[in-house]
Amino acid sequence: ADYPMLTCVSCEEGQWLDDAADPPVCRECPTHSHTLPRVNAADISRCECEAGYTNATEIECSPCGLKHYKLDLGNATCSECPVNFNTIIDNADTFEHCQCEPGYYRNTIYYEIVAAGGLYYIAGDTTFSAPNPTLTVTRGRQTIIKWPENIQEGGNHPLIVSETSGWGGAAVSFAVKSQPTTTIDVPVDYVGTLYYYCQFHGGMKGVINVIDAACTDCEAGTYKPTISDARCTTCPDNSHSPATSDAESDCSCNLGYVGPSSLNTFPCAACVPGKFRSNPSLNICDDCGQNTYNELHAQDSVGACLSCPENTESSAGSGRKVDCVCSAGFSAALNAGGDAFVCTPCGTGEYQTLANSSTCLECEAGKYSTATAATSPSTCQTCADGEYNTATGASACVQCETGKWQNLGVNDRHALVCEDCPTHSDHGQLGPVDVNACLLGLAYANRTLEVNFHCISCPAGVSCQGGDQELTFPTNTHSPGR
């Protein structure tokens, strides 16, 4: 019998043979799985998870998840990114998807090499204490090495990177030499030690240690909000942040500055003269206290508030030395520079109740004061009875002179000159307050009026002896009077 010719066809790449079907049929591998090339998959188990995916079950592939990656096709566990790395996607299929988390960055290592005496040195080693130094490179991070100039021969001293110790070893493919630098990009899975040597001088050679990839902390005063290898951003002017900050809001205004609405809003404005900010928790510029001043911006301590000069005072928040005005009891005048007051104490017979006055007030007539720098009109004392002064600003009162007396019935008597004794009377006292201190002269008699007296010629029959003495002649005698 004749039988038909059978032709066997393999399932295509990405398919598997379902021989339970009748007839058998090739089926597509489950989502995110595939077969290895030319595998002729006989069942679904030959479908393996794609890069970036791992087998959750025998027939299901799931993403590796954030912070993980898987490089190859296969039913293998995903690798975890190093510490402080993360991924933006959940199906990362290369290590390059592992990037630094917010608050961290991956910087390029940079070496600058110098040459001296046929040896390599790190630039900055001015004493040449460490010849042919050991260098360090990081897996998954770029390192750039700048060659030194060859001053004697011209050109440079090119640096070769090799896996072989000594001079003349074959260069590795991931170290690219391009004058005047060698750029090294060590694969993330590289294991081993590297070596370097100068292309032209055998004595210039050393070791390169290879370390795991790592992210670097954002320094204080910087921040980075994204998952990336980008460098950190500097905080806005006049603000700072702690290390590893991951948002601009982590930046806060420096002491001496405040933000528009809070410490982490910008721009930061300097505290004006007369103020300071020393509390890191409050968005407030505090006033300098009374009797102090501060002429500087952006001050961060109460110590910036200086005491006013002697005999001056200021209100809180004073921002100039000239805001320190002369206290009560002093007269004020600007100094030659116009930046401060010269304070002169009020003299005797003067006072001033107000600060920042250009003059002193005088005690009124009838009063006096012996004090200086007086601050109240009560300092001016009324002259004692029997004393007076008619001028303002007196430091003493004058006693009523001989031949005069002070009438206590006159209200403003201390501001008036003392009254003369009545005509034809006199006395030798100082400061009398009774008209009766005035004594009659010879041949005059005292005749009392309602509030005073007056002198008359001595009447007939009386002998006027002076000093208010009158003698009556005996009976049957007589004097003609005067």
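Separation of atoms NZ (K275) and SG (C285) is listed at 7.0 Å; rounding is to 0.5 Å. Note: L263 CG to N254 CG = 10.5 Å, rounded to the nearest 0.5 Å. Atoms OH and OG1, on Y110 and T143 in that order, are 12.5 Å from each other to the nearest 0.5 Å. Separating the SG atom in C29 from the CD atom in E13 is a distance of 9.5 Å, to the nearest 0.5 Å. Residue N356 holds its CG atom at 7.5 Å from SG of C326, rounded to the nearest 0.5 Å. To the nearest 0.5 Å, the span separating CG on N84 from CG on D217 amounts to 7.0 Å.
A pairwise comparison of heavy atoms in L119 and P131 identifies CD1-CB, 3.7 Å as the closest pair. The shortest non-hydrogen separation linking E101 to N86 is OE2-ND2, 3.3 Å. The shortest heavy-atom contact between C343 and N311 is SG-O, 3.7 Å. Pairing each heavy atom of C64 with each of K70, the nearest pair is SG-CB, 3.7 Å. Across every non-hydrogen atom of F95 and P82, the tightest pair is CE1-CD, 3.6 Å. Annotation for C397 and E387: closest pair CB-OE1, 3.5 Å, computed over non-hydrogen atoms.
Counting only distance, with no hydrogens or angles, the side chain of N291 and the backbone of E313 share no donor-acceptor pair below 3.5 Å. R277 contributes a side-chain N or O that, together with a main-chain N or O of L282, makes up a donor-acceptor pair within less than 3.5 Å. Of the possible polar contacts, one joining the S239 side chain to the P236 backbone as a donor-acceptor pair under 3.5 Å is found. Judged by distance alone, with hydrogens and angles left aside, the side-chain atoms of K224 form a donor-acceptor pair with the main-chain N or O of C100 at under 3.5 Å. At distances below 3.5 Å, at least one donor-acceptor pair connects side-chain atoms of S241 with backbone N or O atoms of G221. The main-chain N or O of A170 is found under 3.5 Å from a side-chain atom of S162 such that the two form a donor-acceptor pair. A donor-acceptor pair is defined here as one N or O able to donate and one able to accept, closer than 3.5 Å; no such pair exists between the side chain of D125 and the backbone of I122. Between the side chain of H414 and the backbone N or O of C383 there is at least one donor-acceptor pair closer than 3.5 Å. Between the side chain of N264 and the backbone N or O of S249 there is at least one donor-acceptor pair closer than 3.5 Å. At distances below 3.5 Å, not a single donor-acceptor pair connects side-chain atoms of Q299 with backbone N or O atoms of S301.
F174 is listed as a side-chain neighbour of I184, based on a closest heavy-atom distance under 4.5 Å. Residues T216 and Y104 fail the side-chain proximity criterion, which asks for heavy atoms closer than 4.5 Å. Between M204 and I113 there is no side-chain heavy-atom pair separated by less than 4.5 Å. The shortest side-chain heavy-atom distance between I211 and T136 falls under the 4.5 Å cut-off. The shortest side-chain heavy-atom distance between C81 and T87 falls under the 4.5 Å cut-off. C218 has its side chain out of reach of S245: every pair of non-hydrogen atoms, C-beta onward, lies at least 4.5 Å apart. Annotation: side chain of Y195 is not in contact with side chain of T164 (no heavy-atom distance under 4.5 Å). The shortest side-chain heavy-atom distance between T226 and P102 does not fall under the 4.5 Å cut-off.
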Determine, step by step, whether D339 and V322 satisfy the side chain to side chain contact (heavy atoms under 4.5 Å, CB included) criterion, reporting the C-alpha distance in whole Å, the side-chain angles of both residues, the deciding distance to 0.1 Å, and the verdict. CA-CA 5 Å; D339 61 351; V322 76; 5.6 Å; no

What's the verdict on side chain to side chain contact (heavy atoms under 4.5 Å, CB included) for N209 and L135, showing C-alpha distance, side-chain angles and the deciding distance? CA-CA 6 Å; N209 287 333; L135 307 180; over 6 Å; no

Could you walk me through whether C215 and F85 pass side chain to side chain contact (heavy atoms under 4.5 Å, CB included), step by step? CA-CA 7 Å; C215 290; F85 282 81; 3.4 Å; yes

Determine whether S79 and H68 satisfy the following criterion, side chain to side chain contact (heavy atoms under 4.5 Å, CB included), listing intermediate values before the conclusion. CA-CA 5 Å; S79 299; H68 292 78; over 6 Å; no

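Using the six-membered ring where Trp is involved, Y120 and H157 have ring planes that are perpendicular, over 60° apart on the 30 and 60° scheme.
With sequence neighbours left out, C198 forms a disulfide (SG to SG under 2.5 Å) with no residue at all.
Shown here is K67, whose NZ atom has more than 12 heavy atoms of other residues, nucleotides or ligands within 6.0 Å. Within a 6.0 Å sphere centred on CG of N411, heavy atoms belonging to other residues, nucleotides or ligands number 12 at most. Summarising the local packing, CD1 of I59 is surrounded by 12 or fewer heavy atoms from other residues, nucleotides or ligands at distances under 6.0 Å. With a 6.0 Å radius and a threshold of 12 heavy atoms from other residues, nucleotides or ligands, E12 has its CD atom at or below the threshold.
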Just distance, no hydrogens or angles: give the donor-acceptor pairs under 3.5 Å from side chains in residues 362-369, sequence neighbours left out.
{"from": "E362", "atom 1": "OE1", "to": "T392", "atom 2": "OG1", "distance (Å)": "2.5"}
{"from": "S369", "atom 1": "OG", "to": "A371", "atom 2": "N", "distance (Å)": "3.2"}

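Each of Y196, Y111, W147 was compared with T182 under the side-chain hydrogen bond (donor to acceptor under 3.5 Å, both in side chains) criterion, and only W147 meets it.
With no hydrogens or angles considered, a side-chain donor-acceptor pair links S10 and N40 at under 3.5 Å.
Aromatic rings from F341 and F330 are positioned such that their centres are separated by 6.0 Å or more.
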